[in-house]
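So the structure is just underneath, and the comments pick up after that.
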Amino acid sequence: MTKLTRRAALGAGAALPFAAALPAAAAAPKQEPMQQNVRRFNLGDLEVTTLLANTVTNPNDPQTIFGMNVDAETFKEVSDAAFIPTDVNQFFFTPTLVNTGESLVLFDTGQSPEDITAAVEAAGYAAGDVDTVILTHMHGDHIGGLMSGGAPTFANAAYVTAQAEFDAWAAQENEGFEANVRPLAEKMTFLADGADAAPGITAVAAFGHTPGHMTYRLSSGEKSLLVAADLANHYVWSLAHPDWEVRFDMDKAAAAASRRNILGMLAAERMPMIGYHMPFPAVGYVETRGDGFHWVPESYQMML
Ligand SMILES: [Zn+2]
């Protein structure tokens with residue numbers, strides 16, 4: 001009661017002179033919408049930076065991509081419950097930089113050399129500073145920044161990718177692979193599940209999205225985080241319902257099995273992850289909910 005009275009009195013007293021002091025045409029021009037595009041934090045001795053290389057609004061029915069094997073009503077119910085629309089959705093493309101102190105490692109390269117170069121520079125580095133590029137898999141939105149005008153975008157980098165991934169794409173006549181990956185083959189190291197890409201960076205197989213799709217566990221001291229790449233492509237539709245089919249999953253059953261397996265591990269270990277297509281800054285936790293999972297965006301945990 002006392003507080004209310006006091007506040008009302010202050011308000012009444014302040015309102016008149018403030019309003020009188022405002023010029024009639026004081027409206028400032030509106031700015032463009034603004035989106036943060038760099039997020040950096042420490043994970044033990046590792047410095048981790050997520051980079052928003054691009055974000056795009058998909059004006060088409062998202063169910064042509066996500067939840068292809070469920071009816072429209074179910075899709076709408078799940079979306080409504082999560083406060084997201086069903087006639088449009090937003091895509092995010094988020095490569096990750098890891099500075100180990102000895103090595104500057106880039107996970108994936110976005111859709112174009114212009115995007116990834118600008119993103120790396122926004123984080124305070126030059127493309128020439130990157131000494132290792134890890135390719136989680138070889139879809140266009142991950143390999144699109146590798147080559148720039150016929151030359152490697154990352155002039156000083158060596159490359160790491162899964163043997164199974166390279167072999168699968170090399171066996172096809174794929175334009176993106178031939179233009180961006182094949183020219184770098186001599187600089188590539190090929191690894192299998194459980195191998196170390198660099199000290200503290202270990203491959204964890206998550207096949208299905210593509211034949212050799214790899215996630216990577218970062219470890220430093222007591223801290224761990226999974227660079228989950230395209231294990232789950234949407235923070236609601238792919239987590240709440242890991243079995244919902246996603247158009248970009250090449251082997252849909254294997255992709256769903258990998259989701260259940262690795263999301264279950266993340267939930268059990270309470271380990272954070274970075275998802276390439278999660279809403280920026282793309283860092284969060286996974287908890288079990290019902291028969292599926294739920295995305296818990298990082299708030300300030302990584303600042304501590
Ligand atoms: Zn992708």
Side-chain angles (χ1 to χ4, degrees), residues 37 39 49-58 60 62-68 89-98 105-116 118-120 133-147 153 159-162 164-166 168-169 172 174-177 179-181 197 203-216 225-239 242 244-252 254-256 258-259 262-263 266 273-284 286 295:
N37 62 6
R39 170 87 166 92
T49 310
T50 62
L51 307 171
L52 184 59
N54 196 12
T55 179
V56 176
T57 303
N58 168 29
N60 305 311
Q63 217 187 338
T64 60
I65 300 172
F66 301 97
M68 296 166 72
N89 70 292
Q90 191 72 16
F91 289 120
F92 299 83
F93 302 89
T94 310
T96 296
L97 271 174
V98 177
V105 180
L106 175 66
F107 289 85
D108 293 332
T109 67
Q111 296 160 295
S112 74
E114 293 78 16
D115 283 356
I116 193 62
V120 166
V133 175
I134 297 179
L135 299 172
T136 62
H137 65 296
M138 296 182 181
H139 276 152
D141 54 323
H142 298 254
I143 63 169
L146 282 171
M147 298 290 287
T153 306
Y159 302 83
V160 178
T161 196
E165 185 69 2
F166 184 90
W169 292 92
Q172 307 170 19
N174 181 273
E175 214 177 300
F177 176 88
N180 291 295
V181 180
V204 179
F207 300 160
H209 181 66
T210 60
H213 177 266
M214 278 292 184
T215 63
Y216 288 86
L225 175 151
L226 191 77
V227 177
D230 283 18
L231 173 73
N233 279 2
H234 191 276
Y235 81 105
V236 173
W237 301 318
S238 302
L239 263 75
W244 280 15
E245 289 183 359
V246 179
R247 193 170 85 206
F248 307 124
D249 288 343
M250 291 168 78
D251 180 335
K252 294 183 181 11
S258 286
R259 270 194 287 280
I262 294 178
L263 292 173
L266 292 171
M273 63 168 263
I274 295 170
Y276 193 81
H277 297 293
M278 295 295 122
F280 198 77
V283 187
V286 176
W295 177 246

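Along the sequence shown, the residues carry numbers beginning at 1. Just follow the structure's listing: the first ligand is 1, and inside any ligand the first atom is 1. Below, each value reflects all heavy atoms present in this structure, side chains not excepted, and no hydrogens, waters or symmetry copies.
If you run ring pair (Phe, Tyr, Trp, His ring centres under 6.0 Å) between His277 and each of Phe66, Phe93, Phe92, only Phe93 comes through.
Using a cutoff of 4.0 Å between basic side-chain nitrogens and carboxylate oxygens, Asp230 and Arg259 are not scored as salt-bridged.
No donor-acceptor pair closer than 3.5 Å links the side chain of Ser112 to the backbone N or O of Gly144. In this structure, the side chain of Thr161 engages the main chain of Leu135 through a donor-acceptor pair within 3.5 Å.
The aromatic rings of His139 and His142 are tilted relative to each other, their planes meeting at an angle between 30° and 60°.
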Derivation and outcome, side-chain hydrogen bond (donor to acceptor under 3.5 Å, both in side chains), residues Ser238 and Asn233: CA-CA 6 Å; Ser238 302; Asn233 279 2; over 6 Å; no
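Under 2.8 Å from the Zn ion (ligand 1), one finds the following protein N/O/S atoms: Asp141 OD2, His142 NE2, Asp230 OD2, His277 NE2.
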